[in-house]
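A short write-up of the structure that comes next.
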Amino acid sequence: MGSLVAKLADRIDRFGPLPFDEVMDLALYDPEGGFFATSGSAGRRGDFLTSPEVGPLFGAVLARAIDSWWESLGEPDPFLVVDAGAGSGTLARGVLAAEPSCSGAMTLVLVESSDVLRSQHQLGLPLVPPAVVLPAASVRYDGEPKTESGAGPRVVSLPGLPALNFKGVVVANELLDNLPFRIVEWEDDGWHEIRVGREGDAFTEVLAPCPELTRILGPLAGRIPTGARVPVQTAAASWVRTVLGRLTLGRLVVFDYAATTSELVSREGGWLRTFRAHERGLSPLQDLGEQDITSDVAIDQVTRDHPPTLVESQAQFLHRWGINGLVNEGRRIWHERASIGDLAAIRGRSRVREAEALQDPDGLGGFTVLHWEVRGT
Ligand SMILES: C[S@@+](CC[C@H](N)C(=O)[O-])C[C@H]1O[C@@H](n2cnc3c(N)ncnc32)[C@H](O)[C@@H]1O
């Protein structure tokens, strides 16, 4: 028996059938055998391709948006930009390579729970110890981060959100879909929770009553067919609440595949996906720790207590922040330098292909971007 399988079996024997979020937390984040704690990652050589991993264009467009948000905050220095669920730091590299005007003021905080992925933050990033820019980062702190002005960009790598109230920007690309969720199934007498039990060496699904989850879901639109399943994303909703509680001024911007819970009802469970090496994986109860487990983000659940300021598609976001100009610039550089064939020429040409992937309405372009603007009091 693998170590995660043994751990899960032991927990079930001690506590009875477990909610799915506990199984998912173990499968993805167990420090010894969890998918992200060991091998799992985004990227061409990883398990799934995210927008920053398509190439540096996503970061370049985001850098333009970040500049504008910095200006609207009165150009603070230091200016905190948090990349939550930063993976190996690819988005940060893309943003910094674009050299936004706020670079000198920027403290980029990469928050990544996996030790393995966090160890890659030192590659090509101007990493400084957290204490240099986030004094008292481990205690709750209501002051401004202290740094010498104009000396950025600085990058800080942390395993969790900085424990301070701050003004700035928090972005999260494909984080919420990876936060553990519970699962409910509609039966003739209402919602029941799918828990995970075991019969010998096999993990099995067990139905359990769940009045508290029914209250969280609230009423859904349309008829719900018997057997329909949806995720209950309390961890994602609580993460949004935590971030908005810490931001005194600025904004939270989340990029993810998303739909309403009512839309997920009709997907016949297709909202729950597993991945490894760019292929769809097996049932989430198989090969624990060896595959990613993810769900579309239920927009209504994560926004119920905190209505967003703006909801748009990723394609709309990229268009608003000038992706077309960057692609045209790339084409021009390619035409000017194609005969030399240097890195600038190749990067210029690759922007065209990156833009297609990032704006594909059936792929990354169809992702949802949720903005919460915090205007302060
Ligand atoms: C799908 S990956 C996205 C990585 C990156 N943002 C990208 O777009 O390529 C999600 C990442 O979030 C990390 N993660 C999950 N829960 C986290 C948490 N509570 N705090 C920080 N990182 C977390 C995972 O380890 C994983 O690296």
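Only heavy atoms go into these numbers, but all of them, side chains included; no hydrogens, no water, no symmetry mates. Counting starts at 1 for both ligands and their atoms, following the listed order.
Where the criterion is an N or O separation shorter than 3.5 Å, residue side chain and backbone included, Trp239 fails it with respect to ligand 1. The shortest N or O to N or O distance between Gly85 and ligand 1 is under 3.5 Å. Checking only distances, Glu53 never comes within under 3.5 Å of ligand 1, N or O to N or O. By the 3.5 Å distance cut-off applied to N or O atoms, Glu112 is counted among the residues near ligand 1.
In this model, no donor atom of one side chain and acceptor atom of the other lie less than 3.5 Å apart for Ser103 and Glu99. At a cut-off of 3.5 Å, with distance as the only test, no side-chain donor of Gln359 or His319 sits close to an acceptor on the other residue. Remark: the Asn165 side chain and the Thr248 side chain contain no N/O donor-acceptor pair separated by less than 3.5 Å.
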Please report, to 0.1 Å, the donor-acceptor pairs under 3.5 Å made by any side chain of residues 226-235, with sequence neighbours excluded.
residue : atom : partner : partner atom : Å
Thr226  : OG1  : Asp188  : OD1          : 3.0
Arg229  : NE   : Glu185  : OE1          : 2.7
Arg229  : NH1  : Glu205  : OE1          : 3.3
Arg229  : NH1  : Glu205  : OE2          : 3.1
Arg229  : NH2  : Glu185  : OE1          : 2.9
Arg229  : NH2  : Glu205  : OE1          : 2.6
Gln233  : OE1  : Ala298  : N            : 2.7
Gln233  : NE2  : Ser295  : OG           : 3.2
Gln233  : NE2  : Asp296  : O            : 2.9

Side-chain donor-acceptor pairs under 3.5 Å in residues 281-288, sequence neighbours left out?
residue : atom : partner : partner atom : Å
Ser283  : OG   : Leu285  : N            : 3.1
Asp287  : OD2  : Arg276  : NH2          : 2.5

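With ligand atoms numbered from 1 in the order given, ligand 1 contributes 1 (C), 2 (S), 10 (C) to contacts under 4.0 Å with heavy atoms of Asn178. Atom numbering of ligand 1 starts at 1 in the shown order; those under 4.0 Å from a heavy atom of Leu175 are 12 (O), 14 (N), 15 (C), 16 (N), 17 (C), 23 (C). Those atoms of ligand 1 with a heavy atom of Thr50 less than 4.0 angstrom away are 7 (C), 8 (O), 9 (O). With ligand atoms numbered from 1 in the order given, ligand 1 contributes 16 (N) to contacts under 4.0 Å with heavy atoms of Leu179.
Linking Ile, Leu, Val, Met, Phe, Trp and Tyr residues whenever their side-chain heavy atoms come within less than 4.5 Å places Leu207 and Leu18 in a single cluster.
Contacts with ligand 1 closer than 4.0 Å are made by no heavy atom of Asp292, backbone or side chain. With a heavy-atom cut-off of 4.0 Å, Asn173 touches ligand 1 through backbone and side chain alike. Only side-chain heavy atoms of Pro52 come within less than 4.0 Å of ligand 1; its backbone N, CA, C and O stay farther off. Under 4.0 Å from ligand 1, the heavy atoms of Leu117 that appear belong solely to its side chain.
Phe255 and Phe58 have perpendicular rings, their planes meeting at more than 60° on a 0 to 90° scale where under 30° would count as parallel.
Here the straight-line distance linking atom CZ of Phe20 with atom CD1 of Ile194 works out to 10.5 Å at 0.5 Å rounding.
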